[in-house]
There are 2 protein chains.
Amino acid sequence: MTDRHIDVHKAHDHEACIDTALARARALCDDRDVQLTPIREKVLAIVWKSHKPVGAYQVLDELARTHKAARPPTVYRALDFLIAEGLIHKIESLNAYLGCGEAGVAHTSQFLICRVCGTTEEIVDPKLDHALDAAARRARFTVERKMVEIAGLCGRCAG
Amino acid sequence: MTDRHIDVHKAHDHEACIDTALARARALCDDRDVQLTPIREKVLAIVWKSHKPVGAYQVLDELARTHKAARPPTVYRALDFLIAEGLIHKIESLNAYLGCGEAGVAHTSQFLICRVCGTTEEIVDPKLDHALDAAARRARFTVERKMVEIAGLCGRCAG
DNA sequence: GGCGGATTGTTATGTTGTATCATCGCCGGC
DNA sequence: GCCGGCGATGATACAACATAACAATCCGCC
Ligand SMILES: [Zn+2]
Ligand SMILES: [Zn+2]
Ligand SMILES: [Zn+2]
Ligand SMILES: [Zn+2]
């Protein structure tokens, strides 16, 4: 919890990000009695290789290096599992996938996507979340899934 | 301006929606000295056939009925033009396109997507918009494009 | 042993979106 | 009159993203 809200745009010990994410995933899957199989864990690790969203076929290429039987369904099944368990998110505007920095905590998808460096930061903003709910309520709309993707320039790239 | 904020979930004179949208598009393109060519206008009309997002290949099928030369680039070029002019929006979570109900007025993409009937309502909620800006500002992020897509049940389908 | 559910293997196909170069029509300069 | 540039479209091919369908395997349990 302490080191989970780092600034992903700055240099940081990213191995620690990966280790934390994997440890957290293992713990959550254990609690829930679902299987974080080797394939799923490997896919999760691949997605976590950076703070940039990764395409499914990029994951496939990586996975195939150590797992020759890998095919598109292999990857998509793993991604579907990880999404269902809240361990990764799909970035809809990029058709790509990103490790969730808040796994295990209820939250909605809110992302800041830098168009220059690709770095995508997940934010958890209760006020924004509340504004989404309020907007839906005004329209008598029952919310099931909320997607917020803001594209632009991160602090580094805006200079 | 008076009849532009109808309830798209209720029965309504949809021909009027289409006519208004097309007239508005013609006026805006005229103002801007860009060409709303027959292909582009036809694609806009196809997208406006309903208040449900339409896929590019669905547009292609429709277009090809009256324009045999139509191919994927034909459609994507028209869609790109219409998006650039703010006449339609892309619904990222569906890879589909929807007529803009606020063409010519500065606004961000905010949508309520009913998973049952498919009807997608564009909302313009300044508070939500401000919440997006505030969230980005807190993260020192320069906003270029804001995407909000809320999926769930519309008032009709929630019953 | 054999049943059933979860996972993975395997092949094929469907869907969405681009790259590239050719062609056409128009308009303004020479 | 003709040429050159430009915006739009034609045409072919391909890249990128995603799923269908069925077989095989593994493993705990009766
Ligand atoms: Zn990191
Ligand atoms: Zn998350
Ligand atoms: Zn209508
Ligand atoms: Zn709009």
Side-chain angles (χ1 to χ4, degrees), chain A residues 25-26 28-30 32-44 46-47 52-85 87-98 113 118 147 149 151, chain B residues 25-26 29-30 32-44 46-47 52-85 87-98 113 118 147 149:
Chain A
R26 282 187 280 259
L28 282 170
C29 289
D30 200 56
R32 296 171 183 167
D33 280 315
V34 294
Q35 305 177 51
L36 188 64
T37 61
I39 288 179
R40 291 168 176 172
E41 185 167 335
K42 179 69 179 159
V43 167
L44 180 59
I46 291 168
V47 168
K52 307 180 204 294
V54 184
Y57 278 69
Q58 215 175 321
V59 172
L60 177 55
D61 287 346
E62 276 291 312
L63 182 62
R65 293 148 96 106
T66 58
H67 187 80
K68 289 203 302 184
R71 295 288 181 277
T74 316
V75 169
Y76 282 103
R77 288 196 279 235
L79 292 172
D80 287 347
F81 170 85
L82 295 170
I83 289 170
E85 296 302 326
L87 300 171
I88 65 173
H89 295 284
K90 179 173 185 182
I91 308 298
E92 298 286 355
S93 61
L94 298 176
N95 293 319
Y97 304 83
L98 183 71
I113 307 166
M147 183 211 99
E149 295 179 13
Chain B
R26 282 186 281 259
C29 290
D30 200 58
R32 295 172 185 167
D33 281 315
V34 295
Q35 307 175 50
L36 188 63
T37 62
I39 288 178
R40 291 166 176 174
E41 185 168 336
K42 179 67 180 164
V43 167
L44 180 58
I46 290 167
V47 169
K52 307 180 205 291
V54 184
Y57 278 70
Q58 214 176 325
V59 172
L60 176 56
D61 287 345
E62 276 290 313
L63 182 62
R65 292 147 95 108
T66 59
H67 188 80
K68 290 202 305 181
R71 295 285 180 278
T74 317
V75 169
Y76 281 102
R77 288 195 279 233
L79 292 172
D80 287 348
F81 169 85
L82 295 170
I83 289 170
E85 296 302 326
L87 299 171
I88 65 173
H89 294 284
K90 180 172 185 184
I91 308 299
E92 298 288 353
S93 60
L94 298 176
N95 293 320
Y97 304 84
L98 184 70
I113 306 165
M147 290 160 280
E149 298 177 15

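Per chain, numbering begins at 1; letters A, B, ... match sequence-line order. The analysis underlying the following values was restricted to heavy atoms, covering all of them including side chains, and did not include hydrogens, waters or symmetry mates.
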- Could you tell me whether a side-chain N or O of A:Glu62 sits under 3.5 Å from a main-chain N or O of A:Ile46, the two making a donor and an acceptor?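 Between the backbone of A:Ile46 and the side chain of A:Glu62 there is no qualifying donor-acceptor contact (under 3.5 Å).
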
- Spell out, as yes or no, whether a donor-acceptor pair under 3.5 Å connects the side chain of B:Glu149 to the backbone of B:Glu92.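 Judged by distance alone, yes, a pair lies under 3.5 Å.
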
- What residues, two or more places apart in sequence or in another chain, satisfy side chain to side chain donor-acceptor pair (under 3.5 Å) together with A:Arg77?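 Per chain and number, A:Arg77 pairs via side chain to side chain donor-acceptor pair (under 3.5 Å) with no residue.
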
- First and last nucleotide of DNA chain D touching chain B, 5' to 3', heavy-atom cut-off 4.0 Å?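 Nucleotide range in contact with chain B: D:dG7 to D:dT12.
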
Side-chain touch [X]/[Y], heavy atoms, less than 4.5 angstrom:
X: B:Glu85; Y: B:Arg32; result: yes
X: B:Val43; Y: B:Leu63; result: yes
X: B:Leu98; Y: B:Lys90; result: no

Output a table of nitrogen or oxygen pairs between the protein and nucleotides 8-18 of chain C separated by less than 3.5 Å.
residue : atom : partner : partner atom : Å
C:dT8   : OP1  : A:Thr37 : OG1          : 2.7
C:dG9   : OP1  : A:His67 : NE2          : 3.1
C:dG9   : OP2  : A:His67 : NE2          : 3.4
C:dG9   : N7   : A:Arg77 : NH2          : 2.7
C:dG9   : O6   : A:Arg77 : NH1          : 3.2
C:dG17  : OP1  : B:Lys90 : NZ           : 2.5
C:dG17  : OP2  : B:Tyr76 : OH           : 3.0
C:dG17  : OP2  : B:Tyr97 : OH           : 3.3
C:dG17  : O5'  : B:Tyr76 : OH           : 3.4
C:dG17  : N7   : B:Tyr57 : OH           : 2.6
C:dG17  : O6   : B:Tyr57 : OH           : 3.2

- In whole Å, what is the span from the CG atom of A:Leu36 to the C1' atom of C:dT7?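 To the nearest whole Å, that distance equals 13 Å.
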
- Item | Which atom of A:Gly55 lies closest to which atom of A:Ala96, heavy atoms considered |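 Heavy atoms only, the tightest pair is N-CB, 4.0 Å.
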
- Item | Matching residue for A:Cys29 among A:Leu82, A:Leu36, A:Thr37 - test: side chain to side chain contact (heavy atoms under 4.5 Å, CB included) |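 Only one of A:Leu82, A:Leu36, A:Thr37 forms a side chain to side chain contact (heavy atoms under 4.5 Å, CB included) with A:Cys29, namely A:Leu36.
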
